[in-house]
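All remarks here apply to the structure that follows.
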Amino acid sequence: MAANPRSFIPLRPVEFLVLLALADEELHGYALTQQIDERTGGAVRLEPGNLYKVLKRLVADGLIAGTHRRAAPELDSERRRYYRLTRLGARVAALEAERLETLLASRTVRSLTRRFGTA
Amino acid sequence: MTLTPGWRRLFRIPRVGRRGIERDVDDELSFHLAMRVEKLRDRGVPEEIANAEALARFGDASRVRDELLTIDQQFAREARLMDWLDSVRADLRYAIRTLRRSPVFTIVAVLTLAIGIGATSAIFSLVNGILLEPLPYAHPEQLVSFAQSYPEKGLDSWQLSQENLAMYRDGASDFASFAGFARRGVTLGGEHPERLTVERTTGEFFQVLGVAPLLGHTYGNAEDTPRTNSVAVLTYAFWQSHFGGRRDVVGTVLDLDGEPVTVIGVMPRSFAFPRSDTQVYLPLGLDPTRRFGWFLGGVARLAPGVTVEQAHRQTTQIFRRWAADMPQLLPPGIVPERTGLTTLVRPLQSAIVTDVRRPLIVLQAAVLLMLLIAVANVATLQSGRAAGRAREIAVRGALGATRTRVGRQLLTESIVLAILGGVAGAALAWIGVREFTASGIVTLPRLDDVRVDPRVLAFTLLVSLACGVLFGLAPLWHAVGRRATSDIARAQREGSHRGARRVNNVLVVAQLGLSVTLLVAAGLVLESFQHLVRTDLGFDPRGVTAISTPLPMMKYGTNASAVPFTETALRTVRSLPGVRSAAFVQVVPFSGAVNTDGYLIEGHAPPSATGTEKQVVTNVVTPGFFRTLNITLLRGRDFTTADRDGSLPVTIVDETLAREYWPDLNAVGRRMRLTGDTTWLTIVGVARSVRDEDVATPSRPHMYTPIAQQPTTWLTLVVRSDGDATATTDAVRRAIHGIESGIPLDGVRPLTQYVDHALDTRRMTEILLGAFALMAVLLAAVGIYGVMSLYVSNRTREFGIRMAVGAEPSRVVRLVLSEGIALAIVGVVLGVGGALIASRWIGSLLYDVSAHDPLAFTVLPIALGALAVASCVLPARRAAKSDPLVALRAE
């Protein structure tokens, strides 16, 4: 079942954030909320219920995969579910990034940020 | 938070099943909670507060948990389904690849199945269209056929008079509507007069059947008054053939028997009651005062909620009340309740198909037996391949495929094969059914309703799947039934030994047994049919042509005026070249019509006190009738032109009647009369008995009267000709037209056709059953040959070694043959047992043949057994040539 990455575009912001967070490393659910919290400067706070629903949907779509493993066997032996990006997920994330890039590169956006932006 | 037992984690197998999913969700959520608590604690928040805070941030934990569970379970279900579909797809791909690798096997197997499944589906189309499919009328379950019965008078099924009809229509509340109908011929006037088959019906006819006309309207109760009903409703076929389907046909005036009749409507194509050859429906013009003349068939629609039994009780009461008022009917002092007077109310559908039900079911059973043989045949072919595949299967097992998985793969292959056979079979059935219904070789009731419809296709699919599973069992047995062996070489060597041999033995016995059963049953039916065809009818229909010559009603208003016409016509026709003899007759043998009446012999006791009355078949003929049909006159003389109105009233009786009163047949000079008539008729001759209603039933007593003393306009000319019957017939038609141009001359048929027609259902049974039996025997012979070949090739090594250590080739031949003979005996014995059961079941289809006919029960099984043994000879000789070196090298 090779799904077409384009069919997932556009992603919802939360989904894109999750894919971005998993782009560099495998994370468990809690660490993921921390990551997103950090990346957005606290602007996006995922409630657990919402977080896991998003995760499960992404798993079902094949964009991420869940794995069981021990984080550091010498530290704790608890079984956790880690999530990682799949190939399909990576391609979808890249496509979404390109889309946003094009959007952000538009003159309208630039003039908007120049006139009303905070920086 | 507990640790799950190690192995699941080690293999990273996602836990499936409800319990596993729950635990996964719980683990994940509690871990999340724990991390948060830990973080808060790190910041120095006291434990209790940290816990509370974490929970509060979490929200409604149980709701979250439920939602996540639902998502996961849904996902797991989908994943399982996808997995399954994937594996089915893989199985299918693999199966198709395997089948393509052995095209000969595939083609032979598919053809074998196509024949079996095709025949089964074709016969099922008949069963479906004729027996199962409801009649094409609104609420067909409410429709009943209606007749009366007076067994004491020999009237087992007694039609209705106009008075009868009116009394049920008006007096029986159990019916929503009630109608009568009678078949008649009328002449459509014009330049070329044409004889039409019409149905004269009472007003509620169309209401009973509940069918709306395609064009215009139908008639109703208003037309039940005599002489106010010059209207006609056309059938679809007649509308097409005579008016080219023109929509402005309504209002057209037809000349029917010289009277103007206006077309008021056209019925839809599917409307074919009571018979599909009806051309026009005309109102009868019911006259409820007509007490006599019982010529109407009855059809009725039950009122909602009324059962057939209730309607029967109510109408019988009405019938008996009517009979009590009929002194002619009941002997003095007898009340109707003490007689067998009753009405016959039967569901219409079963009444229509009653004669063909048994033959059709027998054919369906026969064809299923044939299909089983075909299945056994394919199973044999499969077994043949199993030897080669044992290695492949062992390899797959060694690579980790479970037995169930391998089994499913093999079953998929069988089912693919079966479906291919089913598709080809459905095509065969479609062609066969189309040809069969269009050919007109047999007339069956409801033949128009026979087609390969969705129900037949669904049946075909079901049968194909069942076949696939059935013959799929053989390779399954080979592959999975035994313990999987890790020794691939041994698997290959032993692949088709013991277990396989048992399967093959079962296959041989089954094929032989089934074909013996089928062949014996078919043999009995074939023998019956041969007896029927060779039955001495008492007359010779060959070379005789029947030309129906209805006289125009307007011109021949009285029956007596027909007499001079017959005399002129016969004089002219007899003088034509090629005509050997000719005569007129009222009722042609096997035309389906028959007149009966009660009779008395002078000097013999009048009807007994219970009203029982002897019945005689009456017919009206001209001089020369007996000679034309080659009916021997045993005593006395034929009628002559001197037997006319005013001379001594005479009659000729048949042997059956004469024998009852005068065992020496000396009936000439005795007198008899019909119970409804006071004239005594003097017997002037005794003719041989003829079977003119049904080939299989002995003749009833007959009496003939001369047309000059019993005139009628309802006539058929029978002509016996030498040589070219067609040329003679043309000359005869021209001559008749020269005498009376108003006679339609389209009703010309050889007399043999009437007889053939009477044997239609039996002929169909015979031809089809014979064909199925023949196919079965062929399939079985091929199958047995296949199994024995297999048996020999599987034991090549053993035979080779035997001969290497000194066994004579003849000994090996004997070994193989004795094995074959043993199987043949078992098969034949079982088959004869099956045939004994089957013969009891088909008893009603047999004629003049015992259900335990020694010929069928000895010759056929022995012949088949011999055939089975013969199919072992070639393999046996091959066995004798086994070369031990070749055999051993094959390892």
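Per chain, numbering begins at 1; letters A, B, ... match sequence-line order.
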Side-chain donor-acceptor pairs under 3.5 Å in residues 96-108 of chain B, sequence neighbours left out?
unit_1, atom_1, unit_2, atom_2, d
B:Thr98, OG1, B:Tyr94, O, 2.6
B:Ser102, OG, B:Thr98, O, 3.4
B:Ser102, OG, B:Arg385, NH1, 2.9
B:Thr106, OG1, B:Leu99, O, 2.7
B:Thr106, OG1, B:Ser102, O, 2.9

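- A search for side-chain contact (heavy atoms from CB on, under 4.5 Å) contacts involving B:Ser414 returns B:Gln382, B:Phe471, B:Pro475, not counting sequence neighbours.
- Scanning residues 36-44 of chain B against chain A with a 4.5 Å non-hydrogen threshold yields B:Arg36, B:Lys39, sorted by number.
- Judged as a side-chain contact (heavy atoms from CB on, under 4.5 Å), and not counting sequence neighbours, the contacts of A:Asp37 are A:Arg45.
- When the candidates B:Leu29, B:Val25, B:Leu68 are compared by the number of heavy-atom contacts under 4.5 Å with chain A, B:Leu68 comes out ahead.
- Counting heavy-atom neighbours within 6.0 Å of B:Arg408 CZ, excluding the residue itself, gives a total above 12.
- Distance check, rounded to the nearest 0.5 Å: CE of B:Met35 to CD of A:Gln34 gives 7.5 Å.
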